Colleague: 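Please see the structure below; I have some questions.
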Protein chains: 2
Amino acid sequence: MTRVPTSKDVAKAAGVSQPTVSRALAGHPQVSAATRERVRKAALELGYVPQESGRVLRSRRTRRIAVVCGPDDLLSPFRPQLVVPLHQALAAAGYRTTLIAESGDAAVLSQVTDGSVDGVLVTAARAGSAVPGQLAAHGVPHVLVDRLVPEAGHPTCAADNRQGAAEIATLVAGLGHREVALVLGPRRLRTSLDREAGFRSVLAAGRAVRTRVLRGGVDHAAGVAAARSLLGAAHRPTAILCANDTIALGVLHEARLRGVDVPGELTVTGFDDIPMAGWEPYALTTVRHDTGRMAAEAVRLLLSQLGPDVDGAAPESVVLRADLVLRQTHAPPPSPS
Amino acid sequence: MTRVPTSKDVAKAAGVSQPTVSRALAGHPQVSAATRERVRKAALELGYVPQESGRVLRSRRTRRIAVVCGPDDLLSPFRPQLVVPLHQALAAAGYRTTLIAESGDAAVLSQVTDGSVDGVLVTAARAGSAVPGQLAAHGVPHVLVDRLVPEAGHPTCAADNRQGAAEIATLVAGLGHREVALVLGPRRLRTSLDREAGFRSVLAAGRAVRTRVLRGGVDHAAGVAAARSLLGAAHRPTAILCANDTIALGVLHEARLRGVDVPGELTVTGFDDIPMAGWEPYALTTVRHDTGRMAAEAVRLLLSQLGPDVDGAAPESVVLRADLVLRQTHAPPPSPS
DNA sequence: TTGTAAGCGTTATCAG
DNA sequence: CTGATAACGCTTACAA
């Protein structure tokens with residue numbers, strides 16, 4: 001196995017000095033076209049690829065960004081819809097992506113403070129995580145993506161969960177529903193809390209609306225269980241607002257299993273607009289975030305921190321409106337017979 | 001903003017030489033306990049973290065592995081089930097994960113030949129990709145995960161799609177079905193082809209079985225379309241074998257929409273055992289790969305190539321059996337009435 | 001057990 | 001426009 005060629009080898013082959021190789025291949029303007037060509041050819045022949053370790057050590061820029069998620073986030077139907085555009089946006093900007101599954105704050109911190117990344121995109125919803133604070137303390141450029149934290153001071157790019165939830169609640173209340181149930185996730189999930197706040201801000205206003213709240217998991221089984229409890233009760237709600245689409249699909253299934261007509265007898269709504277929500281047999285009315293835009297904005301916010309001297313600027317943040325997706329699972333409540 | 005501390009700073013603070021800092025923190029045994037403690041304390045106080053750029057340049061080991069997927073692979077329901085365990089297995093072995101979305105062979109190659117990763121895990125199903133060949137040509141350690149290529153010589157860790165498909169076909173044929181339809185993906189997908197071969201190896205043997213083949217996409221809509229065509233025909237199949245679960249769910253939906261009883265009138269099977277396949281309302285009979293084991297084996301195969309001098313050894317490969325998951329969507333065909 | 005010296009491959013700063 | 005020289009932060013001989 002022959003040694004992997006370095007810029008020195010190329011220099012020798014092209015008959016120039018080693019730094020000239022670096023300049024020529026980096027597209028430095030003050031290199032003559034003839035030299036550049038000679039160097040290029042030599043590099044190609046030797047199969048030379050500039051070693052990034054040398055570049056990083058010298059330039060202190062890795063052109064690499066860490067994307068932090070929860071351990072199993074990628075297994076959820078929604079998170080990949082965010083991570084993939086983030087990765088694409090980074091690649092488009094010439095940055096590589098290092099994936100970090102958040103398994104203990106210390107482990108994350110040591111991976112992002114060792115100079116191996118230029119910045120961090122945090123896409124995790126755990127409410128108590130110390131990671132954002134530590135990043136700030138260590139001066140690591142970072143952006144919180146789709147994840148609001150109470151403490152200000154972190155650049156953030158997030159969908160407006162509250163506003164989206166308020167819109168869907170407005171829709172449901174406007175249709176005339178007076179018996180509404182909320183199926184929410186656990187209290188430690190920020191997004192679930194924000195959505196709850198949005199739902200309540202509207203439903204509390206119209207006093208005529210009776211609201212029940214069920215709290216449980218965020219998966220399909222949680223929806224099934226919630227629906228079982230709600231639809232088995234003597235006094236059924238006429239609308240069930242869910243904290244995410246997966247729960248809503250569980251509710252839908254259980255409702256259909258019991259022969260409850262959706263949306264004739266029951267309105268069901270979700271949140272996130274995962275791909276399945278659009279599948280024909282579901283046609284779930286839900287709320288969409290524009291994850292492509294969210295990713296693009298997040299990357300913009302992060303890269304803007306990487307300039308030479310931007311220490312003074314206050315952390316910029318972006319909140320994106322969430323949009324209603326009106327499909328087939330909402331309707332006025334059945335007229336009391 | 002104060003400069004980030006280096007081992008030199010720690011050395012000064014602890015009153016030792018710089019290499020001693022390196023040795024102490026690396027847990028080198030020939031450092032006295034007293035010195036080690038002093039160094040540790042100094043490092044902690046300064047908030048020193050060894051810079052990986054220096055380590056990599058010197059040691060020529062990055063402890064980083066690239067995981068290559070297709071551009072949108074992570075958006076499919078199955079791929080994350082493979083990528084997440086890969087990432088976990090790598091992390092457990094002390095390796096970081098660089099995510100690379102395959103968008104042009106050249107782009108991938110330049111990212112893995114610049115010394116930024118110790119090896120590559122290729123998890124992409126495109127049949128014509130030049131990446132594996134190029135990796136071999138450049139001597140980059142790599143393993144193909146869940147992706148068989150015709151040319152031998154690549155270490156591979158894959159589920160036995162053929163065997164799994166053969167098993168499910170055996171099950172269906174054994175139940176007595178004589179009118180069977182296959183709903184497959186496009187010809188360029190290796191996995192789809194392998195599964196087709198497995199289906200056919202069994203169905204062709206029993207001459208009594210009439211087999212129809214539909215080829216289309218690999219998503220839910222493809223399943224819906226296939227079912228529409230098959231169930232609308234005068235002569236319906238009594239069993240529909242699908243190339244993956246998503247397709248099968250589409251078939252299931254359309255069947256139920258038409259009031260076709262599954263499994264009473266129609267048997268439907270999938271492949272992959274995505275999470276949804278286990279959801280109550282589906283309870284899809286399918287084939288499971290043990291992605292956790294697959295990931296662990298793949299990482300083992302890759303890391304075994306990173307030892308000091310293993311050039312001689314032939315590329316090792318692993319094929320994992322796929323297992324039937326018997327749920328509720330299979331039954332004998334309806335007796336001809 | 002520890003210090004000294006060297007070098008990994010690149011980019012940046014100077015002269016020329 | 002190009003060459004010589006230095007430096008980035010770390011690990012590994014080798015010497016003490």
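Letters A, B, ... are given to chains in the order of the sequence lines, protein chains preceding strands, and every chain is numbered from 1. None of these values were measured; they are calculated from a predicted model.
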Colleague: So A:Thr6, base contact, sugar-phosphate only, or nothing? Heavy-atom distance under 4.0 Å.
Modeller: sugar-phosphate
Colleague: Under 3.5 Å, side chain of A:Arg38 to main-chain N/O of A:Ala14, donor-acceptor pair present?
Modeller: yes
Colleague: Establish, from distance only, whether the side-chain atoms of B:Glu102 and B:Ser129 form a donor-acceptor pair under 3.5 Å.
Modeller: yes
Colleague: Should stems be defined as at least three consecutive Watson-Crick or G-U pairs with both distances under 3.5 angstrom, which of them involve DNA chain C?
Modeller: C:1-16 with D:1-16
Colleague: Quick check against the 3.5 Å criterion: does B:Ser116 have a side-chain atom that pairs as donor or acceptor with the backbone of B:Gln111?
Modeller: yes
Colleague: Please report, rounded to the nearest Å, how far the P atom of D:dT11 is from the CG atom of A:Asp114.
Modeller: 12 Å
Colleague: Within the 4.0 Å heavy-atom criterion, would you say B:Pro19 contacts the bases, only the backbone, or no part of the nucleic acid?
Modeller: base
Colleague: So what does B:Gln18 hit on the nucleic acid, given a heavy-atom distance under 4.0 Å: a base, only sugar-phosphate, or nothing?
Modeller: base
Colleague: Is any side-chain N of the basic residue among B:Arg55 and A:Asp114 closer than 4.0 Å to the acidic one's carboxylate O?
Modeller: no
Colleague: Any N or O donor-acceptor pair linking the side chain of B:Arg60 to the base of C:dG9 at under 3.5 Å?
Modeller: no
Colleague: Which part of the nucleic acid, if any, lies within contact of A:Ser53, taking any heavy atom under 4.0 Å across all strands shown: a base, the sugar-phosphate backbone alone, or nothing?
Modeller: nothing
Colleague: Could you give the CZ-to-C1' distance, from A:Arg23 to C:dC14, as a whole number of Å?
Modeller: 10 Å
Colleague: Take the protein atom NZ of A:Lys8 and the nucleotide atom P of C:dT10, then report the distance between them rounded to whole Å.
Modeller: 10 Å
Colleague: Looking for any heavy atom pair under 4.0 Å, which part of the strands does A:Gln51 touch: base, sugar-phosphate only, or nothing?
Modeller: sugar-phosphate
Colleague: Measure from CD on A:Gln30 to C1' on D:dG3 and round the result to the nearest Å.
Modeller: 13 Å
Colleague: Per the atom types in the model, does the base of C:dT11 pair as donor or acceptor with the side chain of A:Arg58 at under 3.5 Å?
Modeller: yes
Colleague: Touch check for B:Val56, heavy atoms < 4.0 angstrom, all strands: base, sugar-phosphate only, or nothing?
Modeller: nothing
Colleague: What heavy-atom pair brings B:Tyr95 and B:Leu306 nearest, and what distance separates the two atoms?
Modeller: OH-CD1, 3.7 Å
Colleague: Given 3.5 Å as the limit, does a donor-acceptor pair link the side chain of A:Arg61 with the main chain of A:Asp118, or not?
Modeller: no
Colleague: Given 3.5 Å as the limit, does a donor-acceptor pair link the side chain of A:Arg36 with the main chain of A:His28, or not?
Modeller: yes
